[in-house]
Amino acid sequence: MRMYDIIAKKRDRQALTKEEIDFFINGYTNGEIPDYQASAFCMAIFFQDMTEEERAHLTMAMVNSGDTIDLSSIEGVKVDKHSTGGVGDTTTLILAPLVASLDVPVAKMSGRGLGHTGGTIDKLEAVEGFHVELDKNQFIDLVNKNKISVIGQSGNLTPADKKLYSLRDVTATVNSIPLIASSIMSKKIAAGADAIVLDVKTGAGAFMKEEEEAKELAKAMVSIGNRVGRKTMAVISDMSQPLGRAIGNALEVEEAIETLQGKGPEDLTELCLILGSQMVVLAKKANTLEEAREKLIENMHNGKALDKFRTFLKSQGGNEKVVDNPKLMPQATYSFDLPAKTEGYVSEMVADEIGHAAMMLGAGRATKESQIDLGVGIVLNKKVGDHVKQGESLLTIHANSSDVEEIKEKLYKNITLVDNEVVAPTLIYGVVTQ
Ligand code: URA
Ligand code: CA
């Protein structure tokens with residue numbers, strides 16, 4: 001087999017066999033196939049696409065390029081949730097203890113990464129003492145005992161994807177549905193989940209800005225998952241404005257604590273109930289979505305969801321007192337309100353720009369070397385559709401520097417007020433199960 005022929009075949013829009021795809025992934029991972037051939041191949045895929053069958057083969061070839069996590073010693077159906085990423089997306093912090101409180105096993109592998117705020121692990125590290133340095137047996141024992149544990153990413157998961165993603169990044173081939181879908185799904189499958197719930201975001205703060213693209217990506221990932229024997233479904237949700245109110249690390253943990261008690265922001269709560277219901281049904285802890293939803297709401301109000309969060313923090317060394325007193329987490333020195341310059345209705349809060357403002361405050365990493373400031377961030381006091389009086393606070397900036405003029409300017413530029421009433425954006429654009 002020659003890589004040249006495989007590139008030419010894809011260039012001519014023919015479907016590749018499993019053997020050809022395996023040949024590429026194996027050769028590229030071990031360095032026998034050079035970057036220039038892999039680049040040409042990715043560009044051919046970009047223009048000529050892949051069949052559903054090819055996409056599934058590509059995904060499994062990447063899964064098999066490195067270690068896979070075996071969760072079979074954990075009882076029950078292991079359901080993982082993945083979000084394609086957004087601004088102020090606190091859902092994992094809420095969903096993990098919430099569904100675990102209904103005995104759905106949550107064996108989560110999570111990361112740090114770049115972005116507006118830290119990843120789930122960074123956020124949890126706002127809780128003093130909390131750590132994810134567990135060995136595999138401790139991790140599995142914790143899930144069997146408490147139904148919940150989070151561990152840091154293992155070193156050698158999907159090395160083919162790591163290498164290919166870096167290459168795509170510099171060859172203008174990131175934005176290809178078959179390549180994105182196989183990249184995301186390979187990581188989820190290697191991490192051992194039996195079933196996968198995907199939250200595909202659309203809007204200004206999302207990877208897929210257009211609803212149609214988001215739907216196509218959702219369908220591609222659901223097809224891959226189901227073809228390779230993992231029950232997979234996707235929800236397409238709004239990311240035109242930040243989700244919930246808090247954007248920041250300690251601030252989002254505080255928001256999660258409120259939401260776990262049923263006192264969280266409406267949009268965040270609703271999205272957690274929708275995703276959570278799907279997870280509970282996939283894990284066979286309820287027969288219908290309605291029944292699952294009722295149970296989740298019940299556990300928000302009877303304290304069980306919050307208790308699970310407490311148990312989880314404590315089991316990994318965290319100070320569980322933060323659950324009753326979130327101010328024990330790092331707090332910013334200064335807070336500044338952003339007063340509305342006129343009366344009106346909020347018609348736009350551009351998610352990615354507001355997220356970028358949070359990153360400028362220090363809430364997220366601009367580069368791998370950046371240090372996160374756990375206490376800083378932004379709390380929205382108004383959301384799209386809300387009425388605001390002149391001088392009323394649109395949001396509160398939590399900063400560790402008193403010089404936030406540039407950030408205030410940026411925020412003003414990305415929040416629009418209009419005279420006429422505005423309806424809040426749709427939260428859920430669709431659900432894909434096939
Ligand atoms: N996120 C991923 O993990 N992979 C992609 O290809 C794009 C986004
Ligand atoms: Ca939030």
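In listed order, ligands and their atoms are each counted from 1. Count residues from 1 along the sequence.
Under 3.0 Å from the Ca ion (ligand 2) lies no N/O/S atom of Ile247, from backbone or side chain alike. Using a cut-off of 3.0 Å, one finds that Gly88 contributes an N/O/S atom close to the Ca ion (ligand 2). For the Ca ion (ligand 2), the set of nearby N, O or S atoms under 3.0 Å includes none belonging to Asp89.
Classification of the Phe336-Tyr334 ring pair by plane angle, with boundaries at 30° and 60°, yields parallel.
Under the 4.0 Å criterion applied to side-chain N and carboxylate O atoms, Lys410 and Glu353 are assigned as salt-bridge partners.
Summary of contacts: the protein heavy atom closest to atom 5 (C) of ligand 1 is Ser183 OG, 3.5 Å. Regarding atom 7 (C) of ligand 1, its nearest protein heavy-atom neighbour is Tyr165 OH, 3.3 Å.
Geometry about the Ca ion (ligand 2) gives an angle of 110° between O of Ala246 and OG1 of Thr90, rounded in steps of 10 degrees.
Residues Ile354 and Ile247 come closest through the heavy atom pair CG2-CD1, 3.7 Å.
Remark: the Glu266 side chain and the Thr269 side chain contain no N/O donor-acceptor pair separated by less than 3.5 Å. Between the side chains of Asp373 and Asn400, a donor-acceptor pair is found at a separation under 3.5 Å. No side-chain donor-acceptor contact under 3.5 Å links Thr91 and Asp199.
Counting the atoms of ligand 1 from 1 in the order shown, those under 4.0 Å from a heavy atom of Lys187 are 2 (C), 3 (O), 4 (N).
The minimum distance between the Ca ion (ligand 2) and any N, O or S atom of Glu255 involves atom OE1.
Cation-pi contact between Lys201 and Phe207: absent, since separation from the ring centre below 6.0 Å together with deviation from the ring axis within 45° is not met.
The closest approach between Ile184 and ligand 1 falls below 4.0 Å for a heavy atom of the residue.
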